[in-house]
Number of protein chains: 2
Amino acid sequence: MTTEDERKSRMARDVELLWGLDTTPARRGPKPRLSREAVVRAAIGVADAEGIEAVSMQRVARELGYTTMSLYRHVDSKEDMLVLMLDTATDGVPPAPREDGDWRAGLEEWCNGALEMHRAHPWSVFVAFSAPPSGPNGLRWMEAGLRELVASGLDVGESLQMLTILSAVVRDTVRLEIEMTRAAQSTGSTLVESENDYSQSLRRVVTAERFPTIDRMLREGVLGEAPAPGRTGGPAEELDFGIRRILDGIESYVRAERGTGG
Amino acid sequence: MTTEDERKSRMARDVELLWGLDTTPARRGPKPRLSREAVVRAAIGVADAEGIEAVSMQRVARELGYTTMSLYRHVDSKEDMLVLMLDTATDGVPPAPREDGDWRAGLEEWCNGALEMHRAHPWSVFVAFSAPPSGPNGLRWMEAGLRELVASGLDVGESLQMLTILSAVVRDTVRLEIEMTRAAQSTGSTLVESENDYSQSLRRVVTAERFPTIDRMLREGVLGEAPAPGRTGGPAEELDFGIRRILDGIESYVRAERGTGG
DNA sequence: ACTTATTAGTATAAGCAATACACAGTTCTA
DNA sequence: TAGAACTGTGTATTGCTTATACTAATAAGT
């Protein structure tokens with residue numbers, strides 16, 4: 001809200017924004033009927049119900065029964081609103097510290113928690129954050145993940161690096177699944193049908209000479225076909241495998257480091 | 001262009017779009033002075049020079065010296081244009097097959113190649129594809145990556161899963177670096193200065209009680225401080241470490257599988 | 001009572017993707 | 001060879017978008 005220092009970095013601004021360090025309680029003027037919190041909550045409501053593309057200042061204002069411009073009294077810009085939405089949506093509780101020191105289990109829990117969060121607020125995977133976590137909720141999740149990574153034996157810098165990777169993998173997998181599901185639904189078919197359709201289309205352009213491995217993939221029916229009953233066949237289905245390989249990688253690295261006295 | 005089948009899946013549509021299977025040479029009417037290729041090339045030019053947010057139908061048309069609506073004769077929608085841009089921008093040559101069978105080196109080359117591609121067209125990391133690769137260039141890269149992964153001993157499905165992860169990691173890392181650099185530049189500071197600024201801000205809200213690991217991270221100066229000379233200190237700097245851990249994970253998994261007769 | 005800060009509303013600018021239609025150019029057919 | 005059929009580009013326009021500038025009403029401090 002305050003514009004005191006234009007030279008402040010975006011990341012530093014985010015911290016103030018998300019911790020409410022930028023608002024001083026008004027001493028004069030009418031009592032605000034609207035609030036920043038209400039705006040953000042309404043925006044999340046719209047995003048949950050109709051997707052992030054439905055979130056416009058007009059739409060959120062209409063939801064609240066106010067004019068478009070009144071929102072700008074509580075939020076500097078739509079971008080700020082999105083940043084606030086993201087931290088607010090992350091208000092779930094990250095996994096507690098493992099008593100048994102099983103960092104692998106701890107990180108699998110963390111990834112599943114992140115997966116759940118994104119599934120509860122699908123729009124969250126489309127809001128590209130432009131800075132490391134800065135808000136109370138974001139930092140809580142970051143702390144929970146870093147804690148387990150450090151417990152594995154990585155140093156703090158390495159842990160941060162791997163946490164960035166884990167969250168990127170989870171987020172991007174959910175994103176792809178959502179987009180593919182959405183695309184499938186828009187033609188009135190299921191994800192599996194759509195994948196089969198895609199597979200069929202690829203066969204028209206994929207030759208064994210130019211694309212031997214992809215050709216093999218298509219022949220082996222990796223895409224589509226019939227997934228196990230009750231399963232979607234989507235990307236997130238096999239997320240566990242990839243996550244476990246990353247954890248394998250951490251484990252073998254730490255073990256090797258310990259061996260060489262690292 | 002043709003709208004024959006509305007029930008066709010998005011992924012199948014992408015294949016036809018990207019391989020030009022949807023255009024039949026016109027038999028009547030004026031010779032087209034504009035072409036799909038020219039439109040896409042102009043759009044890429046704008047995106048390269050001014051970022052993806054500068055790419056509008058108006059802007060691209062202006063670049064070409066035509067009216068906005070003339071573009072729609074060559075491209076069905078802006079979304080289609082973005083899909084075409086992405087495959088076209090991927091026209092670099094992916095690493096050739098390793099003669100020595102060193103799949104780890106092959107995959108590191110692949111990741112570096114992808115990194116280079118994104119650096120050459122920074123906007124590419126902001127264009128969220130909503131389907132697996134479908135175009136000639138996308139498939140070429142996919143083939144090159146899958147080939148090395150299969151060489152590692154993974155089956156084709158597992159390879160696809162890991163390739164998705166590798167490309168997500170590279171893309172997201174570049175994205176974060178670009179956003180942070182952009183944010184830093186907008187306040188006239190460097191990335192390191194900005195990170196230090198962020199670190200400083202975090203100290204105001206991070207306590208050792210609530211966020212012990214983050215607190216440690218800040219004390220150890222993981223963010224910002226002075227990177228090695230000539231280095232930016234950005235996220236992509238340490239990308240190699242994460243990639244190697246993922247490769248470690250693949251290696252240890254394959255080895256274990258082989259041991260159990262997998 | 002009067003000044004001053006604050007909230008919400010109004011008016012509006014500048015830009016966005018996309019539809020509908022007019023018109024001119026080109027080729028195939030009768 | 002005449003004209004129907006079709007195609008490429010331009011014009012007009014709709015209904016969105018974020019955001020700035022300003023007005024009227026409100027409440028607190030002096």
Side-chain angles (χ1 to χ4, degrees), chain A residues 1-4 6 22-40 42-43 46-47 50-85 123 126-128 130 186, chain B residues 1-4 6 22-40 42-43 46-47 50-85 123 126-128 130 186:
Chain A
M1 234 50 169
T2 55
T3 47
E4 43 172 47
E6 278 299 327
D22 59 335
T23 48
T24 41
R27 303 225 152 273
R28 302 187 189 187
K31 292 274 145 69
R33 323 212 297 285
L34 217 46
S35 70
R36 173 176 288 185
E37 204 216 318
V39 169
V40 173
V46 172
E50 301 168 45
I52 195 68
E53 65 279 356
V55 176
S56 72
M57 301 308 268
Q58 303 194 34
R59 183 73 182 70
V60 174
R62 180 152 55 85
E63 204 71 13
L64 291 161
Y66 288 81
T67 58
T68 307
M69 295 319 297
S70 62
L71 304 193
Y72 284 96
R73 191 61 42 181
H74 304 274
V75 152
D76 266 6
S77 64
K78 189 185 180 182
E79 209 188 317
D80 274 12
M81 189 174 79
L82 290 172
V83 170
L84 288 162
M85 286 172 69
W123 51 268
F126 299 104
V127 178
S130 50
S186 79
Chain B
M1 237 48 169
T2 56
T3 48
E4 43 171 50
E6 278 299 325
D22 59 334
T23 49
T24 41
R27 303 227 150 275
R28 301 188 189 187
K31 291 274 146 67
R33 324 213 296 285
L34 215 45
S35 69
R36 173 176 288 185
E37 206 216 315
V39 169
V40 172
V46 172
E50 299 168 46
I52 195 68
E53 64 279 356
V55 175
S56 73
M57 300 308 269
Q58 305 194 33
R59 183 74 182 70
V60 174
R62 182 152 55 85
E63 204 71 13
L64 290 160
Y66 288 80
T67 59
T68 306
M69 296 319 297
S70 63
L71 304 193
Y72 284 95
R73 189 63 40 181
H74 304 274
V75 153
D76 266 8
S77 64
K78 189 186 180 184
E79 209 188 316
D80 274 13
M81 188 174 80
L82 291 172
V83 170
L84 288 162
M85 285 171 70
W123 51 269
F126 299 103
V127 179
S130 50
S186 79

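The structure presented is a predicted model; accordingly, all values stated were derived computationally and were not measured. In what follows, every chain begins at residue 1, and chains take the letters A, B, ... in the order their sequences are listed.
- Taking side-chain N and O atoms only, A:T67 has a distance below 4.0 Å to OP1 or OP2 of C:dG9.
- Note that the first and last nucleotides of DNA chain D, 5' to 3', having any atom under 4.0 angstrom from a heavy atom of chain B are D:dA5 to D:dA12.
- If you take CZ of A:R36 and C1' of C:dT7, they are 15 Å apart, rounded to a whole angstrom.
- Between B:Y72 and B:M57, the closest side-chain pair of non-hydrogen atoms falls below 4.5 Å.
- Here B:E37 pairs with B:R41 under the side chain to side chain donor-acceptor pair (under 3.5 Å) rule; sequence neighbours left out.
- Across A:S35 and A:H74, no two heavy atoms sit closer than the pair CA-ND1, 3.7 Å.
- Going from atom CD of B:Q58 over to atom CD of B:E63 covers 13.5 Å, rounded to the nearest 0.5 Å.
- Between B:D76 atom CG and C:dA18 atom P there is a gap of 10 Å when expressed in whole angstrom units.
- Each of B:G65 and A:E79 was matched to the nucleotide of DNA chain D holding its nearest heavy atom; the match closer to the 5' end belongs to B:G65.
- Between A:L82 atom CG and A:W123 atom CH2 the span is 8.0 Å, to the nearest 0.5 Å.
- As rounded to whole Å, 15 Å separates atom C1' of C:dT19 from atom CG of B:L71.
- As rounded to whole Å, 11 Å separates atom C1' of C:dA20 from atom CZ of B:R73.
- Residues A:M81 and A:L84 fail the side-chain proximity criterion, which asks for heavy atoms closer than 4.5 Å.
- Shown here are the side chain to side chain donor-acceptor pair (under 3.5 Å) partners of B:E50, two or more places apart in sequence or in another chain: B:R59.
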Do any N or O atoms of the protein come closer than 3.5 Å to N or O atoms of nucleotides 15-17 of chain C, and which pairs are they?
residue	atom	partner	partner atom	Å
C:dC16	OP1	B:S56	OG	3.2
C:dA17	OP1	B:K78	NZ	3.0
C:dA17	OP2	B:M57	N	3.0

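- In this structure, OH on A:Y66 lies 14.5 Å from CZ on A:R73, to the nearest 0.5 angstrom.
- Atom C1' of nucleotide C:dA20 and atom CE of B:M69 are separated by 9 Å, given to the nearest angstrom.
- Qualifying side chain to side chain donor-acceptor pair (under 3.5 Å) partners for A:R28, counting only residues two or more places apart in sequence or in other chains: none.
- An OP1 or OP2 oxygen of C:dT27 is reached within less than 4.0 angstrom by a side-chain nitrogen or oxygen of B:K31.
- Taking atom CZ of residue B:R28 and atom C1' of nucleotide C:dG25, one finds them 13 Å apart after rounding to whole Å.
- Stem regions for DNA chain C, each three or more consecutive Watson-Crick or G-U pairs with both distances under 3.5 Å and listed by first number, read C:1-30 with D:1-30.
- Here A:S70 reaches the OP1 or OP2 of C:dG9: one of its side-chain N or O atoms lies under 4.0 Å away.
- Distance, B:R27 CZ to C:dT27 P: 11 Å, rounded to whole Å.
- Remark: B:L64 CG to B:R62 CZ distance equals 11.5 Å, nearest 0.5 Å.
- Side chains of B:T23 and B:R36 form a contact here, defined as non-hydrogen atoms less than 4.5 Å apart.
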